[in-house]
Peer 1: 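Before we start, here is the structure in question, set down as structure tokens.
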Number of protein chains: 2
Amino acid sequence: MFRSFFEQHYSLKETTWQQVISLFSPATLDKNSFFIREGEIARTMAFLESGIVRGFYRKDNGEEYNKVLFSAPSFFGDYASLISGRPALFSQQALTDARIWVADYRQFTRLYDTCPDLERFSRKWAESIFVQKEQREIELALFDATHRYLNFRKAYPEAEQQIPQYHIASWLGISPTQLSRIRRKLTAS
Amino acid sequence: MFRSFFEQHYSLKETTWQQVISLFSPATLDKNSFFIREGEIARTMAFLESGIVRGFYRKDNGEEYNKVLFSAPSFFGDYASLISGRPALFSQQALTDARIWVADYRQFTRLYDTCPDLERFSRKWAESIFVQKEQREIELALFDATHRYLNFRKAYPEAEQQIPQYHIASWLGISPTQLSRIRRKLTAS
DNA sequence: GAAACCTCTTGACATAGGTAAAGAAATCAG
DNA sequence: CTGATTTCTTTACCTATGTCAAGAGGTTTC
């Protein structure tokens, strides 16, 4: 199962793992269905076993910005809402049919008191998603859209075939028009 | 001292706090001096008691991008390098004379084994800096430069007087020229 | 106080990227 | 298979912002 992925930053004791895994139950997310909608308070964390999920923000004018793409295998969920207990600023939606594992976040955090290794795990986990965010920040700040698109193709080689280009464009922070222009230039050369 | 700031996310036991505080020693950072330089491996974390520190990245062409501004009171240090043990991608430099408190990060993390409350503290801390990063990400993605500048003035009301505009422009992700144009438009209206 | 330096503003010009609209191509539903 | 829908490309035009260079104020230094 997803144990090796789960423990990539820190290995849990067997007894802790058993308790953790018992919190997760399998589920499916049909294409276009939502895992969480903006305004809801996140209660569950999830593991994406197959498929692609986007996290997006809807601007005042109705336009959407794809803040994050999750491509299996990956954890997902609105961490900010889980952590803070405040309503989600983002929605998360499946872009393909997806198989997932879902767990209640409160039940998970309740284990911290009896399983210090799980708290350590979560510290390392939080540290690592912070570092990831920092890397995305650098990308957006320092590279132009062409460069980001090439990076995207390396990072998500399969995703490009599976989701519409306008979602990719949105994640890159550009319009579909501009992505099309970039693609034309790249194939021309 | 900085206890109330330190404990804003989670309160430590008295004995833990005593051990933590004993790791910190006072120091000063003169204007323009570096706390850490790109390429070094970060060993220390710090608390900024007064002054302003920037974290910046130097591009291939020598240009600099101010990734983060720390304005007292604030913790700072290259978390990514501390966490990963890898060389820093960024430098951190005082933009004004600064008073700081410095602690060895390894000594700090060594306390986790005997002080589970400190590990919890650090989990919450890591979670909160993740959420902060997410907010900065939203700002850069969704707001235009004028809007970001206005937010900056709210968030760092004193900083604007103390540091050159080109540092602010860099943090906003625009050129000094463009910031100047934005300022002109704002005063005109 | 003059020279040197630093910072900010301004103007001229170039470019990446936005918007809107139309048509082409691909995909889906019956 | 056919019509409807979705997605992608292209064109035309516009705007925010970049680069470069010049100049105006300030500050610092000797």
Side-chain angles (χ1 to χ4, degrees), chain A residues 30-33 52 54 56-66 69 93-97 139-153 156 158-189, chain B residues 30-33 52 54 56-66 69 93-97 139-153 159-189:
Chain A
D30 292 339
K31 182 171 171 175
N32 293 329
S33 67
I52 297 174
R54 69 172 178 138
F56 69 95
Y57 181 89
R58 186 171 281 120
K59 303 190 203 180
D60 302 335
N61 60 18
E63 233 179 291
E64 296 176 353
Y65 164 63
N66 287 343
L69 292 178
Q93 180 188 32
L95 294 181
T96 65
D97 290 342
E139 277 234 354
L140 282 168
L142 300 180
F143 300 154
D144 67 16
T146 304
H147 202 135
R148 295 204 297 278
Y149 173 58
L150 292 171
N151 285 354
F152 165 81
R153 294 212 298 202
Y156 303 90
E158 358 58 43
E160 193 166 16
Q161 321 308 325
Q162 298 180 257
I163 63 179
Q165 257 177 54
Y166 56 81
H167 280 319
I168 298 170
S170 170
W171 182 80
L172 292 170
I174 58 177
S175 64
T177 309
Q178 186 62 9
L179 178 53
S180 186
R181 283 193 281 239
I182 288 171
R183 285 161 51 84
R184 180 173 31 156
K185 269 199 196 161
L186 287 174
T187 51
S189 56
Chain B
D30 292 339
K31 182 173 173 177
N32 294 329
S33 67
I52 298 174
R54 69 172 178 138
F56 69 96
Y57 181 89
R58 186 171 280 120
K59 303 190 203 179
D60 301 336
N61 59 19
E63 234 177 290
E64 296 176 354
Y65 164 63
N66 286 345
L69 292 178
Q93 180 189 31
L95 294 182
T96 66
D97 290 343
E139 272 228 3
L140 282 168
L142 301 180
F143 299 153
D144 67 16
T146 303
H147 202 136
R148 294 204 298 277
Y149 174 58
L150 292 172
N151 286 354
F152 165 80
R153 294 211 299 201
E160 192 167 17
Q161 320 309 325
Q162 297 180 256
I163 62 178
Q165 258 178 54
Y166 57 82
H167 280 319
I168 298 170
S170 170
W171 182 80
L172 292 170
I174 57 178
S175 64
T177 308
Q178 185 62 9
L179 177 54
S180 185
R181 284 193 281 237
I182 287 171
R183 284 160 53 83
R184 179 173 33 155
K185 270 198 196 164
L186 287 174
T187 52
S189 56

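Labels below follow one simple rule: chain letters A, B, ... track the order of the sequence lines, proteins then strands, and each chain is numbered from 1.
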Peer 1: Within the sub-3.5 Å range, which N or O atoms of nucleotides 27-29 of chain D have a protein N or O partner, and how far apart are they?
Peer 2:
none

Peer 1: Taking the side chain as C-beta and beyond, is there a heavy-atom pair between B:Arg153 and B:Leu150 under 4.5 Å?
Peer 2: yes
Peer 1: End-to-end bend of the helix from C:dG1-D:dC30 to C:dG30-D:dC1 (five-pair axes, 10° rounding)?
Peer 2: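 Nearest ten degrees gives 50° for this helix.
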Peer 1: Do any N or O atoms from the side chain of B:Asn66 and from the backbone of B:Ser170 form a donor-acceptor pair under 3.5 angstrom?
Peer 2: no
Peer 1: If I compare all heavy atoms of A:Phe56 with all of A:Gln93, which pair ends up nearest, and what's the gap?
Peer 2: CE2-OE1, 3.9 Å
Peer 1: Check whether any side-chain heavy atom of B:Arg54 lies under 4.5 Å from a side-chain heavy atom of B:Glu64, and answer yes or no.
Peer 2: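 The answer is yes, as the side chains (C-beta and beyond) meet within the 4.5 Å cut-off.
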Peer 1: Hey, can you pull the residues of residues 160-174 of chain A with a non-hydrogen atom under 4.0 angstrom from DNA chain C?
Peer 2: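 Correct list: A:Gly173, A:Ile174.
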Peer 1: So B:Arg148 and B:Ile174, do their side chains get closer than 4.5 Å, heavy atoms only?
Peer 2: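 Yes - at least one pair of side-chain heavy atoms lies under 4.5 Å apart.
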Peer 1: May I ask you to test the B:Leu179-B:Ile168 pair for a side-chain heavy-atom distance under 4.5 Å?
Peer 2: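 A side-chain contact exists here, since the closest heavy-atom pair is under 4.5 Å.
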Peer 1: Reading nucleotides 25-30 of chain C from the 5' end, what letters show protein touch, with B for base, S for backbone sugar-phosphate only, - for no heavy atom under 4.0 Å?
Peer 2: ------
Peer 1: Which pair of heavy atoms, one from B:Ile182 and one from B:Ala145, lies closest together, and at what distance?
Peer 2: CD1-CB, 3.6 Å
Peer 1: Evaluate the side-chain proximity of B:Leu95 to B:Leu69: yes if any heavy-atom separation is below 4.5 Å, no if none is.
Peer 2: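 Yes. Closest side-chain heavy atoms under 4.5 Å.
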Peer 1: Measure from OH on A:Tyr65 to C1' on C:dG18 and round the result to the nearest Å.
Peer 2: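 Value for this atom pair: 16 Å.
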Peer 1: For residues 171-183 of chain B, pull every pair meeting salt bridge (charged side-chain N to carboxylate O under 4.0 Å, His left out), keeping only residues two or more places apart or in separate chains.
Peer 2: B:Glu160-B:Arg183
Peer 1: With sequence neighbours excluded, what pairs up with B:Lys59 under the side chain to side chain contact (heavy atoms under 4.5 Å, CB included) test?
Peer 2: A:Leu142, B:Tyr57, B:Asn61, B:Glu63, B:Tyr65
Peer 1: List for me each residue that meets ring-ring contact (aromatic ring centres under 6.0 Å, His included) alongside A:Tyr156, sequence neighbours excluded, and say none if there are none.
Peer 2: A:Phe152, A:Trp171
Peer 1: Taking only residues two or more places apart in sequence or in another chain, which ones pass side chain to side chain contact (heavy atoms under 4.5 Å, CB included) with A:Tyr166?
Peer 2: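 Counting only residues at least two positions away or on another chain, A:Tyr166 forms a side chain to side chain contact (heavy atoms under 4.5 Å, CB included) with A:Pro164, A:Pro176.
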Peer 1: Using a cut-off of strictly less than 4.0 Å between a heavy atom of the residue and any atom of DNA chain D, enumerate the qualifying residues of residues 142-150 of chain B by number.
Peer 2: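 Those residues are B:Ala145.
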Peer 1: Of all of residues 175-183 of chain B, which get a heavy atom below 4.0 angstrom from DNA chain C, listed by number?
Peer 2: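 Heavy-atom contacts with DNA chain C come from B:Thr177, B:Ser180, B:Arg181, B:Arg183.
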Peer 1: Could you tell me the separation between the OH atom of B:Tyr149 and the CD atom of B:Gln178, rounded to the nearest 0.5 Å?
Peer 2: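 Answer rounded to 0.5 Å: 12.5 Å.
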Peer 1: What residues form a side chain to side chain contact (heavy atoms under 4.5 Å, CB included) with B:Ser180, not counting sequence neighbours?
Peer 2: none
Peer 1: Distance check, rounded to the nearest 0.5 Å: B:Ile163 atom CD1 versus B:Thr96 atom OG1?
Peer 2: 9.0 Å
Peer 1: Just do the side chain to side chain contact (heavy atoms under 4.5 Å, CB included) check on B:His167 and B:Ile52 with the steps written out, would you?
Peer 2: CA-CA 11 Å; B:His167 280 319; B:Ile52 298 174; over 6 Å; no
Peer 1: Name all residues meeting the side chain to side chain contact (heavy atoms under 4.5 Å, CB included) criterion together with A:Asp144; count only those two or more places apart in sequence or in a different chain, and write none if there are none.
Peer 2: A:Thr146, A:His147
